[in-house]
Amino acid sequence: MRKLLSLVLAMLMVFSMAIIASADSTTTLTTTVPAATYTLNIPADQEIDFGALETDIGTVSITNGDGFAYGKNVQVTMNYSDFTSTSASTTIPFSIGLKSSDPTYYKPVTLNSGSTLRFSGCSDGSINQYAYYTFTPYSNYDSTKFEEITSLYLVVPASNWGKALAGEYTATITFTAEVVVE
Amino acid sequence: MKKSIKTLFLLYVMVLAFLIPITVTAQETTLTTTVPSSHILHLDIDGKGMVTVNGIEYSKSKDIPIQRHGEPSIQIQASRGYSVRSVTYNQENITHLFNSGEWAMPKVESDVILSIVFEKDCDDQPTDNNTNYYLMFIKHILSIIRKYFLW
């Protein structure tokens, strides 16, 4: 009986020491990162003139940005498809284009559906209002130009207008924004 | 029992959906456009002549509605004493296409301009010197008669 009791007491002592040792091995730290906030501004709904080869439809911008940092950006994805009509069987394909402030020196850019625009975060917590793009010069003697995008252009070739049957047409451009980290 | 499990599961999913912070936003821009059912043929006529568009004759400039994707036939006829000097279609010279006096316009996909210039033919005049001298002599005789006999 005494032997059994002493054995039990010894085991209890061992276990209690182990518990004390494990309770002192970790320190848990917690913090809360507030979500970045911003306002995405996109081109307004609008009517496109029939036959217009290029139409300035406005721009995509971000305002009221907070909680950003260098390398913490907003990526905006553009998705669009052809003009369609409920009364005509034809569609009117188009593309979205970008122009440099010097269009005679730098080639325009076509943004296919699914293209992304990146708005860079700043170290002070704000974010650039406009996305930037690198434009390629026509001449091999000029260097590329990194510019902010202040206008998007709807580009419709004359042949696409020509093939369309009479009717009312509609197209939708969807802008999907998300915060991404480099 | 199964029903209550399903209900509980749905409630759990709904709660999770509201608790998960929304990090992706999507907005849309809607573009609309209208393709017209007809276009305007700006018919510009200078001089004297007749232009027939789809069987209708015009002697003066006029804006003519044409059905979209239509191919109107054009006929040009200068008036007597006049001839066709030039025909331009959207500022492109197509005079040579009117040798037969008739032309089928390409499929109309937008407003177009058709300009026709009719010019007066030159008057008949004597070209040899003998005839000129004869006329001058007659004029001189008539002036003498008028001077001495009618005054």
Side-chain angles (χ1 to χ4, degrees), chain A residues 34-52 55 57-60 62 74-85 87-88 90-92 94 96 152 154 156 158-180, chain B residues 13-44 53-54 56 62-74 87-94 97 103-115:
Chain A
T37 60
Y38 58 95
T39 301
L40 177 67
N41 308 294
I42 64 172
D45 295 347
Q46 55 196 277
E47 172 86 12
I48 304 298
D49 291 337
F50 167 73
T55 306
I57 62 172
T59 192
V60 181
I62 287 183
V74 170
Q75 179 174 282
V76 177
T77 305
M78 278 198 320
N79 285 293
Y80 58 89
S81 56
D82 303 344
F83 278 104
T84 58
S85 173
S87 59
T90 52
T91 63
I92 306 175
F94 65 90
I96 302 293
L152 300 178
L154 187 84
V156 185
S159 58
N160 291 0
W161 284 120
K163 292 172 190 172
L165 297 173
E168 305 285 332
Y169 289 76
T170 304
T172 302
I173 307 174
T174 303
F175 300 90
T176 306
E178 59 179 333
V179 178
V180 295
Chain B
V13 169
M14 282 171 63
V15 167
L16 272 182
F18 280 110
L19 289 178
I20 293 173
I22 298 173
T23 57
V24 176
T25 59
Q27 297 180 55
E28 292 183 345
T29 296
T30 300
L31 306 175
T32 54
T33 190
T34 302
V35 177
S37 57
S38 65
H39 300 287
I40 299 297
L41 164 59
H42 299 285
L43 183 61
D44 181 30
V53 180
N54 283 341
I56 300 174
K62 192 171 177 65
D63 287 344
I64 305 167
I66 301 292
Q67 188 175 13
R68 179 170 171 78
H69 291 166
E71 297 174 336
S73 71
I74 309 293
V87 182
T88 59
Y89 177 67
N90 288 337
Q91 300 179 341
E92 181 187 347
N93 193 326
I94 58 167
L97 298 177
W103 175 61
M105 189 178 289
K107 190 186 289 187
V108 176
E109 298 173 346
S110 61
D111 293 350
V112 294
I113 304 172
L114 182 66
S115 300

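Each chain gets a letter, A, B and so on, in the order the sequences are listed, and its residues count up from 1. Quick caveat: nothing in here was measured; it's all calculated off a predicted structure.
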Query raised in the report: Take atom CD in Gln67(B); do more than 12 heavy atoms of anything else shown fall under 6.0 Å from it?
Result: no

* Does His69(B) reach the main-chain N or O of Gly162(A) with its side chain, forming a donor-acceptor pair under 3.5 Å? ->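 Answer holds: yes.
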
Tell me if a side-chain donor or acceptor on Thr29(B) pairs with a main-chain N or O of Ala44(A) at a distance below 3.5 Å. no

Quick one: what part of [X] sits under 4.5 Å from any heavy atom of chain B, side chain, backbone, both or neither?
{"X": "Asp49(A)", "result": "backbone"}
{"X": "Ala35(A)", "result": "neither"}
{"X": "Phe175(A)", "result": "both"}

Discussion item. Pairing donors with acceptors under 3.5 angstrom, does anything connect the side chains of Glu28(B) and Thr172(A)?
Written reply: no

Roughly how far apart are [X] [atom1] and [Y] [atom2], rounded to 0.5 Å?
{"X": "Phe94(A)", "Y": "Leu31(B)", "atom1": "CZ", "atom2": "CG", "answer": "6.0 Å"}
{"X": "Arg68(B)", "Y": "Leu165(A)", "atom1": "CZ", "atom2": "CG", "answer": "7.5 Å"}
{"X": "Phe50(A)", "Y": "Asp111(B)", "atom1": "CZ", "atom2": "CG", "answer": "8.5 Å"}

Can you find a heavy atom in the side chain of [X] that is under 4.5 Å from one in the side chain of [Y]?
{"X": "Thr176(A)", "Y": "Thr25(B)", "answer": "no"}
{"X": "Gln27(B)", "Y": "Leu40(A)", "answer": "yes"}
{"X": "Thr33(B)", "Y": "Trp161(A)", "answer": "yes"}
{"X": "Thr30(B)", "Y": "Thr170(A)", "answer": "yes"}
{"X": "Ile48(A)", "Y": "Thr32(B)", "answer": "no"}

Exercise. Checking side-chain contact (heavy atoms from CB on, under 4.5 Å) for the pair Thr90(A)/Val35(B): CA distance, chi angles, key distance, verdict?
Worked result: CA-CA 11 Å; Thr90(A) 52; Val35(B) 177; over 6 Å; no

Option in Ala52(A), Gly58(A), Ala171(A), Ser85(A) with maximal non-hydrogen atom pairs under 4.5 Å from chain B: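 Among Ala52(A), Gly58(A), Ala171(A), Ser85(A), the one with the most close pairs to chain B is Ala171(A).
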
For the residue pair Pro36(B) and Ala166(A), what are the closest heavy atoms and their distance?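 Shortest heavy-atom contact: O-CB, 3.4 Å.
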
